[in-house]
Amino acid sequence: MTTIAFIGLGNMGIGMATNLAAAGHEVRALDLSAEAVARAVEAGCIAAKNAKDAVEPAEVVVTMLPAGAHVKMVYGGEDGVFEYAAKGTLMIDCSTIDVASARKVIGSAVHKGFDMIDAPVSGGVGGAAAGTLTFMCGGTDGAYNRAKPFLDIMGKNVFHAGDAGNGQAAKICNNMLLGIHMIGTCEAFNLAEKLGLDAQTFYDISSTASGQNWSMTSYCPAPGPVESAPSNRDYQPGFTAAMMLKDLRLAQDAAKSAKAETPLGKHSQDLYAQMEAAQKDGLDFSGIMKLINGSL
Ligand code: NAD
């Protein structure tokens, strides 16, 4: 049994912390929200009173926070993880954040004698609850190898993508591609319909032809062909358009600093920003179909 401080018990963190506790670890739960901590306690975790109480007895710290600013503050800020962690503590940040912040925080951790990796995930709330997430990790071999047994409890696929920050790089490049092919898939279904092809007929053809892609066959944005897709539930999430917009913005920030041309990534960001400005319903990212077909 390992003592683990788990900080950030929101939609994703609660499932992940629950799985660590169910595997027999002592999970010390910390969140700004008392309700989130109470849910974690119900799921077998121990409520930590503050950062000191969470981190001091822990051999491992896991964080699942909204953005880079939160991660910088939780680790390096006043009353932060670095202040209370014992030398050699393993730190795993699973939040999706900008590459530069990830590299900065991990650099500070290593400098202070800790092992740390970035380990953002894909798989969503369902994957977090089921323990089937995909982890994309950046950091030294030593830190990654220490983290792997814990990631295996929370996920199904665990990849070491290279040095610190490379997990975030893999995540945002993947999600930029996802945003692009989701919009492309919407355009194709919308045009097919306007040309007189129903969604199922176009799906049957394109899903076995060269237009086939994940957005089509696992998450079809046109209602009908893929039973489990949010398009069949009025685009209830799933993975919200706001989350997709966050990741597309991270990709654009990274592209700018790496001087990489990503014209379709930029255009996808603009379209998701338009969708976010036009809707108040917190729709799934596949609901960009409504922007494309003019029904938003
Ligand atoms: P969330 O907003 O539901 O949870 C974040 C939690 O962090 C909240 O409970 C909040 O109270 C807590 N928090 C914020 N600042 C804190 C602080 N200083 N100390 C302690 N707790 C603090 O978000 P989420 O959906 O769980 O997502 C978490 C991360 O995972 C994000 O980076 C997101 O981009 C990423 N992600 C989310 C999904 C998804 O489908 N929800 C999928 C993949 C990746």
Side-chain angles (χ1 to χ4, degrees), residues 5-19 27-41 43 45 47-55 58 61-84 91-99 101-102 105 118-137 151 154-157 167-168 170-176 178-179 219 230 236-251 253 272 282-287:
F6 202 111
I7 308 177
L9 298 146
N11 294 321
M12 296 292 289
I14 184 67
M16 297 161 72
T18 301
N19 287 328
V27 180
R28 306 182 70 78
L30 185 68
D31 197 290
L32 296 177
S33 150
E35 270 171 35
V37 174
R39 268 197 303 276
V41 169
C45 302
K49 292 189 214 71
N50 47 41
K52 185 172 191 277
D53 186 38
V55 171
V61 176
V62 182
T63 44
M64 193 51 163
L65 297 160
H70 305 86
V71 172
K72 283 200 243 180
M73 199 185 71
V74 163
Y75 282 95
E78 204 181 313
D79 209 30
V81 171
F82 292 156
E83 217 167 287
Y84 300 117
M91 298 167 185
I92 306 172
D93 178 40
C94 300
S95 328
T96 302
I97 67 170
D98 59 291
V99 175
S101 294
V105 175
D118 54 304
V121 306
S122 77
V125 175
T132 57
L133 292 169
T134 293
F135 285 93
M136 295 154 257
C137 308
L151 302 178
M154 299 183 282
K156 195 170 63 172
N157 298 303
Q168 300 294 350
K171 163 87 186 172
I172 56 168
C173 291
N174 179 72
N175 278 19
M176 181 179 78
L178 172 62
Y219 216 84
Q236 289 314 298
F239 182 59
T240 61
M243 289 261 180
M244 174 51 84
L245 180 56
K246 172 192 166 181
D247 291 354
L248 290 169
R249 286 184 169 141
L250 289 175
D253 289 348
Y272 274 101
L283 294 182
D284 185 78
F285 83 110
S286 59

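None of the values given here were measured: they were computed from a predicted structure. Just so it is clear, the values below take in all heavy atoms, side chains as well, and ignore hydrogens, waters and symmetry mates. In each ligand, atom 1 is the first atom listed, and ligand 1 is the first ligand listed. Along the sequence shown, the residues carry numbers beginning at 1.
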Report yes if some heavy atom in the side chain of [X] is under 4.5 Å from a heavy atom in the side chain of [Y]; otherwise report no.
X      : Y      : answer
Leu133 : Met12  : yes
Tyr75  : Thr63  : yes
Met176 : Leu248 : yes

Closest approach of Ala67 and Ile97, non-hydrogen atoms and distance?
C-CG2, 3.4 Å
Shortest non-hydrogen separation from Val62 to Cys94 and the atoms involved
CG1-SG, 3.9 Å
In terms of ring plane angle, is the pair Phe239 and Phe285 parallel, tilted or perpendicular, where the classes change at 30° and 60°?
perpendicular
Contact table, ligand 1 N/O with protein N/O, distance under 3.5 Å:
from	atom 1	to	atom 2	distance (Å)
ligand 1	3 (O)	Asn11	N	2.9
ligand 1	3 (O)	Asn11	ND2	3.2
ligand 1	9 (O)	Asp31	OD1	3.2
ligand 1	9 (O)	Asp31	OD2	2.7
ligand 1	11 (O)	Asp31	OD1	2.6
ligand 1	21 (N)	Leu32	N	3.4
ligand 1	26 (O)	Asn11	N	3.2
ligand 1	26 (O)	Met12	N	2.8
ligand 1	32 (O)	Leu65	O	2.9
ligand 1	32 (O)	Pro66	O	3.1
ligand 1	32 (O)	Thr96	N	3.0
ligand 1	32 (O)	Lys246	NZ	3.0
ligand 1	34 (O)	Lys246	NZ	2.9

